[in-house]
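Single-structure report; data block below.
Within every chain, numbering begins at 1; the chains are lettered A, B, ... in the order of the sequence lines, protein sequences first and strands thereafter. Quick note: numbers below take in every heavy atom, side chains included, and nothing from hydrogens, waters or symmetry partners.
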There are 2 protein chains.
Amino acid sequence: MSTIKKVCQLAGVSTATVSRALKNPDMVNVKTRERIFKAIAEAGYRPNVLASSVKTGRSNSLVVLVPNLSNPFFLKIIQGIEQAAQESGYSVLLGDTQGDPAREHEYAGMVLSNRADGLIHLDHSFPFSKNDERLAENVAMVSVCERIVADKKYPVVELDNYSACRALANHLVSYGHQNFGVICGQKESQIYRDRLGGIKSVLTEEAIELDDSLVVGGEYSIEAGETGARELLANPNRPTAIFCFNDDIAIGAIHEIKKHGLRVPDDISVVGFDNIKVSGYIDPPLTTIDQPAYEMGRTAVEVVLQQIKNKTLLRDREILPFRLLERASSGQVATR
Amino acid sequence: MSTIKKVCQLAGVSTATVSRALKNPDMVNVKTRERIFKAIAEAGYRPNVLASSVKTGRSNSLVVLVPNLSNPFFLKIIQGIEQAAQESGYSVLLGDTQGDPAREHEYAGMVLSNRADGLIHLDHSFPFSKNDERLAENVAMVSVCERIVADKKYPVVELDNYSACRALANHLVSYGHQNFGVICGQKESQIYRDRLGGIKSVLTEEAIELDDSLVVGGEYSIEAGETGARELLANPNRPTAIFCFNDDIAIGAIHEIKKHGLRVPDDISVVGFDNIKVSGYIDPPLTTIDQPAYEMGRTAVEVVLQQIKNKTLLRDREILPFRLLERASSGQVATR
DNA sequence: CTGTTAGCGCCTTCAT
DNA sequence: ATGAAGGCGCTAACAG
């Protein structure tokens, strides 16, 4: 590994000039610049970014905390993050936390130890350990989809989950459904409250009751969809339509429903949430809410970079638009 | 951000002692150690990893180059990488290259600029630019699934694609199929040659010809599966069984086949490759090759860390086992 | 426009 | 067991 000094020797200049030739080329004479670049090529020199980071105090990277890398929806967000970060000269440190606080603390600590300049969190937990709480106060941090639960308010990039679920509920109600089931993800999150709130608000308007025993689940996975559907099918008060809190859950639910010899949507309608790629290709194609995951990722980067650059944030909530995608997994209520 | 100096003042010791207390605790007196840790807590001190990296020349991170973050199979590999890296104290820099050489060069350059100690590549291209070729000679690098095409041989973690495709072909032949279609991914890769070779070797043994016009595709995506299937269905010599070079392709193909009013597997059998999660939940569940993606990721980390630590590699090919998963998308050949 | 100088924050001999 | 001092590779005033 050749260092800046080797280049100096070859070009017969000082380290400062080499540094300048690289950062502010117009601050150095064309002739010397040429000489320097020739020397750089000859030496096979690459600046040591770590060394400059020590000087500048900027690592030019962002940590991204994901609770579950297997979720295609998160992946789409990460793609957006990665893209936007790269365009701004930042690199992305990936942290798969699996919802484990210890891992969150470890990854979040990267911002404290100068390995990263900012943090994007795809979950609602406060990612720093109790010990680091004080230090974390001035950290650039943004959450996507979920709101971070903490004393201080951190900015968030999200969807209007309440309205999106109202749209789904209205859609199903318009098909004559009266009896609903819900297979949700984690219950302790804002998302859960917003989504269930949205559904309930419509049902209340329609004077429809939501049976508490028909709200099942607790995890965003295909398996949770299977288990949840099984539970709902076994309920004496079997629903004619099921809200699934993401597409993976819906995929599992549909699979399970079919396994019981029932048809979707003829016997039971199923709707999902997210619009992951494959949801348009399963049988039947899934009615779902399209979340602009990629854009959400991009926006998160913008927000966190604004914080890093100390520009004041215009707003601490970025709410992106959703779209109801009516596909074939939802339809007229079955006449019993 | 407090630095080591603040800790020194508080503890009344020198920087050297603090540094030691952190790295080699037993080299320092218990009493002073305690004092130091108290000071650390009080100051809210976190060592600046970048600064130590400059000293040690180690960044303790790995770059991972992925051609396509949307592919769930790659994701599984990345999970394995992330996990194993973390366990060894390394962090993962994610580079979504989209197969673009310019991006590959940029990310690969991270190893040259000390931002990363090693490189894991999920593709077959030589990721460094022509300019960096010389510098890249001693870089720790490993490819997963694909073999890197270069003068120097780099280690690879892969599957015996040839045998896996033989297994698939034998499976389909045993059901009486004689007329095959193939929807492949990129054609310039070793994988393509190995997989097609495996299929052909079985067909040759069975004295079955593979019509060249029935080998279509060129990209690993759901859309490529749709297009490919459409092409194959339109072929006057319509196949009764289709090899898809990954599960996404198979998902697209099955969707398209159904759209044409045909049934899988009654009219046409379809087999995939990878065993992504959702492949067991589509209708019909997909017959496919299970690749131990997670393990592949873990192995890749082991290999690259061995290179970094300059231990000689035991072997430069790690071949992991596959499993043929016979599910419902393949069956008896249709009697016309 | 260029060189000198003084660090960035940490680690690591070398003494003591 | 501890401290002093020098340096990792680079940047950023400050002179000239």
Shortest side-chain distance from [X], nucleotide among [options]:
{"X": "A:T17", "options": "C:dG3, C:dC10, C:dT12", "value": "C:dG3"}
{"X": "B:T15", "options": "D:dA5, C:dC10, D:dC10", "value": "D:dA5"}
{"X": "B:V28", "options": "C:dG7, C:dC11, D:dT2", "value": "D:dT2"}
{"X": "B:R20", "options": "C:dT2, C:dC11, C:dT13", "value": "C:dT13"}
{"X": "B:S19", "options": "C:dC11, D:dC8, D:dG3", "value": "C:dC11"}
{"X": "B:K55", "options": "C:dC8, D:dC8, C:dT4", "value": "D:dC8"}
{"X": "A:A51", "options": "D:dA4, C:dC10, D:dG9", "value": "D:dG9"}

**Prompt:** Should A:R33 and A:D26 count as an ion pair when the cut-off is N to O under 4.0 Å?
**Reply:** no
**Message:** Using a strict threshold of under 4.0 Å (side-chain N to carboxylate O), is an ion pair present between A:E137 and A:R134?
**Reply:**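 So A:R134 does not pair with A:E137 through a salt bridge.
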**Message:** Please compare B:V13 and A:T3 by the position of their nearest nucleotide in DNA chain D and report the one closer to 5'.
**Reply:** B:V13
Can you check the [X] [atom1] to [N] [atom2] distance for me, whole Å?
{"X": "A:R33", "N": "C:dT2", "atom1": "CZ", "atom2": "C1'", "value": "14 Å"}
{"X": "A:N24", "N": "D:dA12", "atom1": "CG", "atom2": "P", "value": "8 Å"}
{"X": "B:I36", "N": "D:dG3", "atom1": "CD1", "atom2": "P", "value": "8 Å"}
{"X": "B:L112", "N": "D:dG9", "atom1": "CG", "atom2": "P", "value": "16 Å"}
{"X": "A:I4", "N": "C:dG7", "atom1": "CD1", "atom2": "P", "value": "19 Å"}
{"X": "A:M27", "N": "D:dA12", "atom1": "CE", "atom2": "P", "value": "10 Å"}
{"X": "A:L50", "N": "C:dG9", "atom1": "CG", "atom2": "C1'", "value": "12 Å"}
{"X": "A:Q9", "N": "C:dG3", "atom1": "CD", "atom2": "C1'", "value": "16 Å"}

Do any side-chain nitrogens or oxygens of [X] fall under 4.0 Å of OP1 or OP2 in [N]?
{"X": "A:K23", "N": "D:dT11", "result": "yes"}
{"X": "A:S14", "N": "C:dT4", "result": "no"}
{"X": "B:T32", "N": "D:dT2", "result": "yes"}
{"X": "A:K5", "N": "D:dC10", "result": "no"}

**Asked** Would B:Q86 and B:S91 count as having a side-chain donor-acceptor pair, cut-off 3.5 Å?
**Response**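 Absent: no donor and acceptor within the cut-off.
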**Asked** So, B:S59 and B:D117: side-chain donor and acceptor under 3.5 Å apart, yes or no?
**Response**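 Yes, because at least one side-chain N or O of B:S59 sits under 3.5 Å from a partner of the opposite role on B:D117.
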**Message:** Base, sugar-phosphate or nothing for B:V54? Non-hydrogen atoms, less than 4.0 Å.
**Reply:** base
**Request:** Identify the residue among A:I77, A:V301, A:V303 that makes a side-chain contact (heavy atoms from CB on, under 4.5 Å) with A:I120.
**Result:** A:V301
**Item:** Greater than 12 external heavy atoms within 6.0 Å of B:D151's CG
**Value:** no
**Message:** Quick check: any donor-acceptor pair below 3.5 Å linking the side-chain of B:R46 to the base of C:dG9?
**Reply:**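 Flag unset: no donor-acceptor pair detected.
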